[in-house]
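Here's the structure we're looking at; comments come further down.
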2 protein chains.
Amino acid sequence: MKPCFVGVDLGGTNIRAAVATSASTFANHVAERTPAQDGADAVCDAMASAILKAADGAPLGGVAIGVPGPLSPEKGVVFAAPHLKGWTEVPLVKMMEDRLQCPVAIQNDAHLAGYGEWTAGAGKGVRTMVFITISTGVGGALVLDGKLWSGVTGTAGEIGHTPLGPNDPPCAQGHPGCLEGSASGTAIARKGREAVANGMETRLRNVPTDEIDAEAVEMAARAGDAVSIQIYRDAARALGRMLGGIINLINPKLIVIGGGLIQAHELIFQPMLDAVSEMAFAVPGKDTEIVIAGLGTDAGLVGAVAWAMHEFGSVETSSAVVTHSS
Amino acid sequence: MKPCFVGVDLGGTNIRAAVATSASTFANHVAERTPAQDGADAVCDAMASAILKAADGAPLGGVAIGVPGPLSPEKGVVFAAPHLKGWTEVPLVKMMEDRLQCPVAIQNDAHLAGYGEWTAGAGKGVRTMVFITISTGVGGALVLDGKLWSGVTGTAGEIGHTPLGPNDPPCAQGHPGCLEGSASGTAIARKGREAVANGMETRLRNVPTDEIDAEAVEMAARAGDAVSIQIYRDAARALGRMLGGIINLINPKLIVIGGGLIQAHELIFQPMLDAVSEMAFAVPGKDTEIVIAGLGTDAGLVGAVAWAMHEFGSVETSSAVVTHSS
């Protein structure tokens, strides 16, 4: 049997695994619950089990894992993973190689989602793209001249943690005036609750305070609530302005926007596009396309499969195009 | 005679040229006035004359020119150059190749200043660095994994044109809430004039309004003027916060800061460093060094010489290290 390459998307809720063969398929999709409260050993055991199921008896050629937190691909260490209890300085590559007896690579999950969009989604065929995922937080990835750019310590791409004004709201990590503090699901929910607390005339007053999340604000906006529409517009403007700054700084060919929040197309995607020209210079601005991601919630898993092939496949397999048909 | 490689730093005031030989020297420094008001043909004639002087009879192997404006290195066209009259869509490579009968390359001047710092200045030996030059405006350059990153259309590196809050001051190009509007010589001068206009208690009231520039604010600050010190601190904080964002986004090994404004070390450099951690994550933050540029006003010329060797030299010459001894 030919060796197979397995990609894993490790999330706070689910472990997902899938296999790439030399025929460049994305197959044997396995999903299991993450034992997030049980420590790194339990999570590694669960990942190993999912990987073996995905491999379905084929020898393992290599495994790539997308992890929700900052890490060093080179050292094979996860520095922290906020959604996984007890994950500080976890030597994940060694722990998984001990279990699987095959080579293992790790990457940040947003990096692999961007890599997935680049190999098999909205960025296919482009040499230089920026990927941004907007949901609870704002993550990202850079593909520069045909290579995933992880940075010197493996933590590049944190587009959500670029500055606005020092008096703008902080992000969850406490950076004052951080993009994520103004333009994320968390920020939209907070602004909805603030609007109610400030006695503003809004449909959100009918929602229990602890149920006001980004989705509740979206529903109110869709029902015509002016306050909620403005909350989305402000977030969209902050995002669009930052895209303009990224166009000036990186000058990419393509920007791919993913994540749950962007699905509110007319509420956020269009006003975001409208704000790009506030910052972007004309020359790079007109050459940069901005599109919605193509793979949805599969991007991270597709990227992990593609990364396993890239890192451990032969020339034949690593140059094969990953096809995505979930 | 062996062919020589000439670098040119085209400024609004002076044309500077120097030669690199296969012995990797930076020599025959020539400086002439730029006929900035006389159109592109006159400027090209003056550059050709300076280049031939620098070559001193040696055949031209190739020429690289740093230009103060957005341009396409690939198309050889300068889109605009604010300090040179009539420079719109100038086919500079063709115009110079016609005059010199040798291959010519063009790059943005800030890109070549960063390239100069990387090859022969503060960034020597580092694979990935970000260069920022802070004077009247804020420019920059990215060197990623040993290569100058010009972006898809050649206009990358515009760190000065990244967003702050939408209500922060605009830059000279009219982007509302742009870093350059808060943290540049122009911004510091404007804030000094505003302080006087607002009747604040400041030594700047003794300076004629049209003489309040960044230097005047610096002098007042050095004399203990609290308003002027605060103006510098605010600019420094905006810069430092953006460096933190760049550390999160690009994750470089080194950030090199050049330009006239940064010479006010205790007024701006130190408070800038202090603000980086407002935004930078701990892991990439502790691995990024931030230093002052090493080549001063020669960076652009050294970079142009090095770029001429890089683009047109043999393997022998292009891998030679440019030495700088002005």
Side-chain angles (χ1 to χ4, degrees), chain A residues 70-72 79-80 126-128 140 142 144-145 147 149-168 173-179 182 234 237-238 240-242 244-254 275 277-284 286-288, chain B residues 70-72 79-80 126-128 140 142 144-145 147 149-168 173-179 182 234 237-238 240-242 244-254 275 277-284 286-288:
Chain A
L71 53 80
S72 168
F79 301 123
V126 165
R127 297 281 300 168
T128 293
L142 310 175
L144 303 178
D145 200 18
K147 282 184 194 154
W149 178 259
S150 296
V152 167
T153 51
T155 59
E158 290 285 5
I159 292 159
H161 299 276
T162 47
L164 304 181
N167 300 320
D168 286 314
Q173 280 80 6
H175 306 144
C178 186
L179 179 62
S182 286
D234 290 346
R237 185 175 177 200
R241 287 168 51 80
M242 192 57 77
I246 282 171
I247 287 170
N248 293 342
L249 179 61
I250 308 219
N251 187 199
K253 183 71 194 163
L254 178 71
S277 62
E278 285 189 28
M279 290 304 304
F281 281 113
V283 169
K286 78 172 158 44
D287 277 348
T288 309
Chain B
L71 53 80
S72 168
F79 301 122
V126 165
R127 297 282 299 169
T128 293
L142 310 176
L144 303 178
D145 200 19
K147 282 184 194 153
W149 179 260
S150 297
V152 167
T153 52
T155 60
E158 291 284 6
I159 293 159
H161 299 276
T162 47
L164 304 181
N167 299 320
D168 287 313
Q173 280 80 6
H175 306 146
C178 186
L179 179 62
S182 287
D234 289 346
R237 186 176 176 199
R241 286 168 52 80
M242 191 57 77
I246 283 171
I247 287 170
N248 294 342
L249 179 62
I250 309 225
N251 187 199
K253 183 70 194 163
L254 179 71
S277 62
E278 283 187 30
M279 290 303 303
F281 281 113
V283 169
K286 78 172 157 46
D287 278 348
T288 309

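Both backbone and side-chain heavy atoms feed into the values below; hydrogens, waters and symmetry mates do not. Below, chains carry the letters A, B, ... as their sequence lines are ordered, and counting in each starts from 1. Model, not experiment: these values are computed from the prediction.
Using a 4.5 Å cut-off between heavy atoms, B:Arg237 touches chain A through its side chain atoms alone. Only the backbone of B:Pro252 comes within contact range of chain A, with at least one heavy atom under 4.5 Å from a heavy atom of that chain. For A:Ser150, the part lying under 4.5 angstrom from a heavy atom of chain B is the backbone only.
Highest contact tally toward chain A, considering only B:Pro70, B:Ala280, B:Gly177, B:Gly140, is held by B:Gly177 [criterion: heavy-atom pairs under 4.5 Å]. Comparing A:Pro176, A:Gly245, A:Gly165 by heavy-atom pairs within less than 4.5 Å of chain B, the highest count is held by A:Pro176. The choice from B:Pro163, B:Ala156, B:Gly151 that makes the most heavy-atom pairs within less than 4.5 Å of chain A is B:Pro163. Contact count against chain A (heavy-atom pairs under 4.5 Å) is highest for B:Leu164 among B:Ile247, B:Leu164, B:Asn167. Comparing A:Asp168, A:Ile159, A:Ile250 by how many heavy-atom pairs each has under 4.5 Å with chain B, the most go to A:Ile250. Of all the listed residues (A:Gly154, A:Cys178, A:Ser277, A:Pro166), the one sharing the greatest number of non-hydrogen pairs under 4.5 Å with chain B is A:Pro166.
Scanning for ring pair (Phe, Tyr, Trp, His ring centres under 6.0 Å) contacts around B:Phe281 gives A:His161, A:His175, with sequence neighbours left out. Residues that satisfy the side chain to side chain donor-acceptor pair (under 3.5 Å) test with B:Ser182, not counting sequence neighbours, are absent from this structure.
A:Ile246 CD1 to B:Thr162 OG1: the interatomic distance, rounded to the nearest 0.5 Å, is 9.5 Å. Note that CG of B:Asp287 and OG1 of A:Thr155 are 8.5 Å apart. Values are rounded to the nearest 0.5 Å. Between the CG atom of A:Leu142 and the CG atom of B:Leu144 there is a distance of 9.0 Å, given to the nearest 0.5 Å.
Of the possible donor and acceptor atoms, none in the side chain of B:Arg127 sits under 3.5 Å from a partner among the backbone N and O of A:Val152.
The two residues B:Thr128 and A:Trp149 have their closest heavy-atom pair at OG1-CH2, 3.4 Å.
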